[in-house]
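Working notes, beginning with the structure itself.
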Amino acid sequence: MTILTPRRLGATILAAACAATLAAAPASADRPQDKPKNPKHKQTTVQLLSFNDYHGHLEATDGPLSPAQDPSQTPVGGAEYLSSTLKELRQAPGHDGSLTVAAGDLIGGSPFLSGMFHDEPSVESLNAIGLDVSSVGNHEFDEGTDELLRMQNGGCHPVDGCYFPDQPYAGADFQWLSANVVRKDNGNTLLPGTSIKKVRGTEIGFIGMTLEATPTLVSPAGVSTVNFLDEVETANAQAAELKRRGVEAIVVLLHEGGNQSGTINDCNGISEPIAQIAAQMSPEIDQIITGHTHRAYICSLPDPAGNDRLVTSAHDYGRTVTETQLVIDRSTGDVDREASTAVNHLVARKTKDAGITQIIDKWNELAGPLKAQVVGTHTDDILGDSSGNRGIETPMADLVADAILWGTDGADEGGAQLALMNVGGVREDLPLAPKYTEGSGEITFAEAFDVAPFNNLLVSLDLTGDQIRQVLEQQYQPVAQRGSRPMLALGVSEGFTYEWDASQPQGSRVVNGSMVLNGTPISPTQTYRVATLNFLADGGDLFTAFTQGTNRVGGPEDLANLVAYFQANPGLTAPASRVGGL
C-alpha cells in the first residue's frame, strides 16, 4: 500500500498484534431488543448503517454533493439531520436489529465549532447519534497518539483544560478500532483491532483498519511511537482469528477507498487502491466498508475466491448514509451474500434532532463572539478543492501560500523568498455568500479556522533551486507510495511560477528551466529561502525533499498568521494561476 511499512509482516509481529487485539475486544452482550422472536427463523437480517469522514461537521453548512454524485442537488448534511435520518432508517421494517458503524476520520480537519475544542463536540454528537463502532482514520492522529487515546477514554485537554468544569469530557461511548496500528515498545495494538457484536444471538465481527499511509499524512512526531502495518495482511490475519473463535460474519471497516464516476449508488470504474485491496482481502471477510476518498459508491466486487461481496462508501461530512441489509444464516452464522443488499441514502435536511440541536447550541454559546468576529474581507469567490481534486492548483491554496510568505519574508521573520502550501491542508473555500451569519464578502474568525484547522507552525529554510524542483516533482507519486491520491498539488506564492508536463515520467514533470522567481529564472545551484508549514518541512504528504532544507527558522502558528494576513489585506481577490499545466 505504501513504502513506509513492509509488504510482508513478520509472523511474530502479526501474531502479537492479533493476540493483543482480540484480548482487548470482548464480545458485546445482546441488546435488550435483540432477543429472538422466533428461533425457527432460518435467517437474521442485520441492518448496518455506516458513514465515514465526518470530520466534526455538526452544523448544516455544507453544500450538496457534486452533480455527478447527486443530480438532484439536494441540500444535505448536518448532525441534526444525520441523527434523524439514522433514527428513521432504524425504525423502518425489514431487519431484525441495527448497528451503526463508521470508517474513520470522525475527528480532525474539522470546522471551527468542533476543531476549536479539539473535537470534543464531534465525539459528543456521535455519542448522541448512537454510533456503535468505528475504524480509526488518519485524521484521528492529527494531534498524536496520546490525544487519540484521550478522545477514546476521556479526560480534560492537557493544555486547554476542561471546557465545562462541571462536565469533564467523558470520552467516546463507541469503540475506535485499529488492528494495524501497533506500539513499537511492546507490539500491542494502540486500540483494539476487532469488536464482536450480537444481533438476536447472531455474531458479527468487525475489524478496524487505519490507512497504512497515515505517517505520510500527519505530523511524524505524533505517530513516532507506533507502526502502521499492511492493511490486507493484517485484515486477513484478524479474519482468520475471528473465524477460529467461531465468528463467521465478518465486516472490515477500512479507512481507505477509491473513486468512481457515477452517482452515490453506482460503481462506475472503481479505482485503486480499493479495487486492489478488495481483490486481496480474505474470502472470509463478507463486506468492506470504506472511506478516506470522500466518495460514495455501492460496489459488488469479487473476493480472491471469485465470489462477489459488497464494498461500500458513504461520501463525507454526514451527507450520506449507507444502509446494508446483511442476511445471516442463523444455523451457520454465515452471510448470505446473494441475499444481502446495500444502498446509499442522502441525509436530506427535513427534520432536526432536538438533542443534537442542544449540543450544537451548547458549544456555540461557549464559542461566543470569537466565532463571529470579522477579520477580513474579499471581493470575489476564492475557491479551493471543493470538487475533491487535491491534485490541481487552486486559488485558495495560492492565497494561503501568499499569507505564509507575508508572515515569513521579513529579515527577522525567516527571510523567505517564496512559499509553498499543500492543497489538501486548505480545508475550505472563501465564497462571497455568507457561510455563517456574516455579511457578503466578510471573513470571520470561524471561517479562517475552517481554512486552517491543523495548528501547524510556519517554517523557513534553505533549499537549492534543484531541491525546490525535487519538492515540486513529489506532487506526483504512484499509488503504491501515496495510496488513493497519487497527485497532491502545492499552492505557490505570488512571484513564483513554473510549468508542469504530466505527460513526462515521474521525476521529470517540472519543465526544465521554467521555474522563475520575481522574473528571474531559478538557478539549480543557488540557495533560496522557502517558507512552508512544519508538517511539510518534516516530510508530510511524502514531500520528503523538504527535509533536505537547512538553516530552519520557526514562525507563528498558521491560523494566527492567516488571521493577521486577512486583517492587513482587506478586499482580497482570487489569485491568478501561477502554474502552467497543473
Side-chain angles (χ1 to χ4, degrees), residues 216 390-394 397-426 456-478 481-482 486-555 558 575-582:
T216 74
R390 297 183 184 179
I392 57 173
E393 178 195 18
T394 68
D398 287 349
L399 182 74
V400 174
D402 287 344
I404 294 172
L405 180 61
W406 177 86
T408 56
D409 62 354
D412 59 345
E413 298 172 324
Q417 298 167 275
L418 65 98
L420 299 171
M421 175 65 197
N422 56 320
V423 168
V426 181
N456 285 297
L457 298 175
L458 273 54
V459 171
S460 302
L461 40 79
D462 285 347
L463 290 174
T464 66
D466 188 62
Q467 289 169 338
I468 294 172
R469 180 195 62 80
Q470 292 176 45
V471 168
L472 297 177
E473 291 288 358
Q474 289 180 336
Q475 292 175 109
Y476 174 78
Q477 298 190 40
Q481 277 75 44
R482 199 178 259 149
M487 187 68 195
L488 292 177
L490 293 169
V492 301
S493 59
E494 185 176 11
F496 179 64
T497 59
Y498 70 95
E499 297 288 328
W500 179 266
D501 185 354
S503 68
Q504 296 302 308
Q506 180 190 6
S508 302
R509 297 187 171 192
V510 175
V511 175
N512 190 33
S514 68
M515 294 190 301
V516 174
L517 179 61
N518 298 323
T520 302
I522 292 280
S523 166
T525 58
Q526 184 174 334
T527 297
Y528 301 86
R529 293 292 289 168
V530 179
T532 188
L533 304 180
N534 64 308
F535 165 73
L536 290 172
D538 292 338
D541 271 353
L542 280 184
F543 285 100
T544 56
F546 273 118
T547 64
Q548 302 175 60
T550 58
N551 298 326
R552 181 164 164 166
V553 175
D558 60 346
S577 175
R578 295 154 185 177
V579 182
L582 188 62

I'd like to know if the side chain of E473 reaches the main chain of Q506, judged simply by a donor and an acceptor atom lying under 3.5 Å from each other, with no hydrogens or angles considered. no
Test item: T532 side-chain N/O and L420 main-chain N/O as donor-acceptor pair under 3.5 Å: yes
Closest contact, heavy atoms only, R469 versus M515: CB-CE, 3.8 Å
Would a distance-only check, ignoring hydrogens and angles, find a side-chain to backbone donor-acceptor pair under 3.5 Å from Y528 to S523? yes
Please report the closest heavy-atom contact between W500 and L472, naming both atoms and the distance. CZ3-O, 3.4 Å
Indicate yes or no: does R390 engage D541 in a salt bridge with an N to O separation below 4.0 Å. no
Looking at every heavy atom in both L536 and F543, which two are closest together, and how far apart are they? CD2-CD1, 3.7 Å
Spell out, as yes or no, whether a donor-acceptor pair under 3.5 Å connects the side chain of Q475 to the backbone of M487. no
Would you check if the side chain of Q474 reaches a backbone N or O of T544 as a donor-acceptor pair within less than 3.5 Å? yes
Once you measure the plane-to-plane angle for F496 and Y498, does it fall in the parallel (<30°), tilted (30-60°) or perpendicular (>60°) bin? tilted
Smallest heavy-atom separation, P575 atom then L399 atom, equals CG-N, 3.9 Å
Keeping D462 on the side-chain end and T527 on the backbone end, is there a donor-acceptor pair under 3.5 Å? no
Please check if the side chain of E393 supplies one atom and the backbone of R578 the other of a donor-acceptor pair under 3.5 Å. yes
Here the pair of heavy atoms bringing S460 nearest to T408 is OG-CB, 3.5 Å
Determine whether a donor-acceptor pair (N or O, by modelled atom type, separation under 3.5 Å) exists between the side chain of N456 and the backbone of D558. no
